[in-house]
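Beneath this line is the structure, given in structure tokens, with notes to follow.
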Amino acid sequence: MALSAMMDLDLKERVRAAVDIVDVVGASLTLVPKGRMLATHCPWHDDRSPSLTVNQERQTWKCWVCNIGGDVFSYVMRRDGVDFVTALRTLAEQAGIEFQAGPKVEPGSKNDKTTLLAAVKLICDAYFDQLDSPQSDDAKIARDYLASRGIDDQHRQLFRIGFAPDSWDFATGLLKRETFRPEIAAAAGVALNRRGGNGSYDLFRGRLMFPIHDMQNRPISMGGRVIPEIAARHGENAGGKYINGPETKLFRKSEQLYGLQLARESIRKGGQALVMEGYTDVIAARQAGIEPVVAVLGTALGEAHVRTLKRLASRVVLVLDGDAAGQRRADEVLELFIKADADLRVLTLPDALDPADYLDRHGRESLEQLVEQSPDALEHKLNSLTAGVDVTHDTHAVMQAIDTMTGILAKAPRMDPLKQDQMILRLSRTFEISQARLEDRLEKKRGEEKAKQRRAAKFRAAAADKAASSKSSPEDGPQRQSPAAPTGSVPRVAPGISPGAATGPIDPNLLLAEAADVDPDEAWFPDQAPAMSSSPASSSTASSSATRPADPAQDGEVPLTSFDRELFETMIESPELAGRAVETIDPDWLDTLSAKMILAAYQELDLQGRDLTVETLLALIENDFLKNEIVTMQFRLAQREGKLSQSPEQRFQSLLEQFHRRENIAEKHRQIAKLESLALDESEELDLLKQLFDSEKNRQQIDH
């Protein structure tokens, strides 16, 4: 949230006048006199003698060793790892100054954060007390289960672990008795509204409760874990193993990290943060004496998490379970490493163990040794791509690996030249390919990425124009506009979409419905050569298909070709591959509008941060024809389960190679057609032939 410059300045001055930096720093650090100033041990380096000084008169602070300092706002920003607005809000609340950025909020309403904070704290405290209740048999079951998980009472109290009674109205009833408005329970994330709109009921029932705190140590949400003995009463209705609170005005799972308020100081001092995947992993690590540890909250490690951790530490280590899901998640962080310019390490634990189990079996020292030896995200990905590969002789695997790595590097919006040189050098040494060749491949990938972004911007701009035109005045009469601009200069199908493109949602349902309204005399891809058919064809057929425009009027409800169907089946079978396909597959490669619309739906889900599962895909798509195509692929996959010799990853890579071969063939035929159509003298003809030969040679030279 941004503030206007005037409001920013006025509010900042009021807050700064109302708080004393000595109180803010002294709240967590011990200040001692040092001449006319005060001093304390700096939390951002191994400080043997107090080197962080505080000037009460000027309301400033400074550490000369770290070469950092500032005012009370910058101190809170660094201390809490937050942005300016959050620091300003924190200090305003501490000073009792109303922080208002936007419409005035009614006190006590569901939009009042102070009320929501009070509601969440009330429920978390009540759950904490319930776990100690001697009158409740269920509470004893919960205590016994917690003990069986190896969590001692000291850490139960440190993390404020509680118990939600197996009741539909414990939380809602408590809030009602404390005179909170009826809508507060759901707005605070502790209840769900009834379908009929008549009241709400408790979200958490019969579970161990783990409060989630913000950097000011205030509970803002919570997560609940099933207790097997209690869950057995409910059978299939017991719900998932873990339930995280919903997103509210207080809680955003993509921004919050479990345990960060407790780990903050140790992360600063050590310069390193360990990120795990579960509450109990964090608690087990703390019990073993490992303090700089946090966990994600039902989502993957994301850019917001990395930004927060970078403010506190120079290195982030993602500690993943050793199962197959953990291996897949390791691949997902590489782009974060590239984009965030962070020292991001990946540790995949052996023997399919999670951190809690590994600590129980092998102890703290063993885990710390693995952390120390953990490779950075680039090295981890290289190791994954080259595992069991003979980089000297397995040209096929080497080309796949190089395309994957350069494709990822190409997505970095800006990269330090020294960092790029170092990465290219590592790739060169790994694959025994010259740095110049790899740099050429990287530049080509960057060109493809920029072209994809341009197409995305065009498409989304066209979608925005269409949305605007649909709001025309009533006297204009109902109109059905084509999604393209009148000039025909904008692609009519969904090209690669990525965050940061022009605004406006994609509606694959609308695009498919309007396909028949498009003028068939206009080309679909004026800036691109149309995709070629996937079936084998003679040179003449290939040349023809590379020059004729697609016929959108006949390209609506056309069944997927075997080529496109195989692609989407790998995406359905592996949602992780779906994420890669969204970034990798150019819609121009697909054969039918049906395929392009399914890919557009995947792109929109990815843009919204949704799970790329077939369930969410079906929820987004409304068109019966496309739904049928997707369900048919599900059935095909079920029938072939256990019968396929290749993994989804292998089939996906094979499809990519076929796509690239088709592109190369199309380009070759365009060159030949150009050669045949031009009246050239002998030297010009030889030059063009040489260019064609060199192009083919360059395409294959990475094999040598």
Side-chain angles (χ1 to χ4, degrees), residues 407 411 445 447-463 482-484 488-499 501-502 504-515 518 522-534 545-546 548-552 554-572 577-607 612 617 620-621 623 625-626 629-630 652 655-656 658-663 666-667:
K411 292 174 184 173
K445 290 289 184 180
E448 293 172 355
E449 185 69 19
K450 289 178 181 177
K452 185 190 298 185
Q453 295 295 333
R454 286 194 296 270
R455 292 195 303 272
K458 284 183 179 180
F459 175 77
R460 296 186 76 86
S482 166
S489 61
V490 179
R492 291 176 176 75
V493 298
I497 304 298
S498 64
I506 306 170
D507 186 350
N509 304 299
L510 177 63
L511 290 173
L512 185 70
E514 292 180 339
V518 179
E522 294 182 43
W524 278 72
F525 299 102
D527 298 332
Q528 302 289 327
M532 297 176 59
S533 169
S534 60
S545 67
R548 65 173 176 81
D551 186 350
Q554 301 175 7
D555 205 16
E557 295 187 351
V558 176
L560 302 178
T561 64
S562 59
F563 206 73
D564 294 342
R565 187 169 56 241
E566 181 67 15
L567 169 66
F568 289 118
E569 285 178 356
T570 66
M571 295 166 66
I572 291 171
L577 284 178
R580 288 176 53 190
V582 165
E583 297 295 335
T584 305
I585 300 299
D586 189 326
D588 294 8
W589 297 348
L590 303 178
D591 293 322
T592 64
L593 179 60
S594 304
K596 293 177 173 70
M597 292 303 99
I598 294 176
L599 183 61
Y602 268 116
Q603 291 168 331
E604 182 61 17
L605 290 173
D606 184 63
L607 190 65
L612 301 185
L617 180 68
L620 174 64
I621 291 178
N623 181 272
F625 175 79
L626 291 185
E629 289 288 299
I630 295 166
F652 180 79
L655 287 166
L656 284 182
Q658 293 182 60
F659 280 133
H660 288 307
R661 281 200 295 270
R662 290 162 67 181
E663 282 190 299
E667 178 60 27

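The two residues Thr584 and Leu656 make their nearest non-hydrogen contact at CG2-CD2, 3.6 Å.
Here the side chain of Asp564 pairs no donor or acceptor atom with the backbone of Leu590 at under 3.5 angstrom. When atom types are taken as modelled, the side chain of Glu629 and the backbone of Leu560 share a donor-acceptor pair closer than 3.5 angstrom.
Under the rule for a side-chain contact (heavy atoms from CB on, under 4.5 Å), the partners of Ala578 that lie at least two apart in sequence or sit in another chain are Met571, Tyr602, Leu612. Here Glu566 pairs with Arg651 under the side chain to side chain donor-acceptor pair (under 3.5 Å) rule; sequence neighbours left out. In terms of the ring-ring contact (aromatic ring centres under 6.0 Å, His included) criterion, Phe568 has no residue partners (sequence neighbours excluded). For Gln658, the side-chain contact (heavy atoms from CB on, under 4.5 Å) partners two or more places apart in sequence, or in a different chain, are Phe563, Ser654, Leu655, Arg661.
Side-chain contact between Met597 and Ser594 is absent, with no heavy-atom pair separated by less than 4.5 Å. Inter-residue side-chain proximity for Val558 and Leu593 is flagged as unmet; no heavy-atom pair is nearer than 4.5 Å.
Interatomic distance, Ile585 CD1 to Phe659 CZ, rounded to the nearest 0.5 Å: 5.0 Å. Remark: Ile630 CD1 to Ile598 CD1 distance equals 4.5 Å, nearest 0.5 Å.
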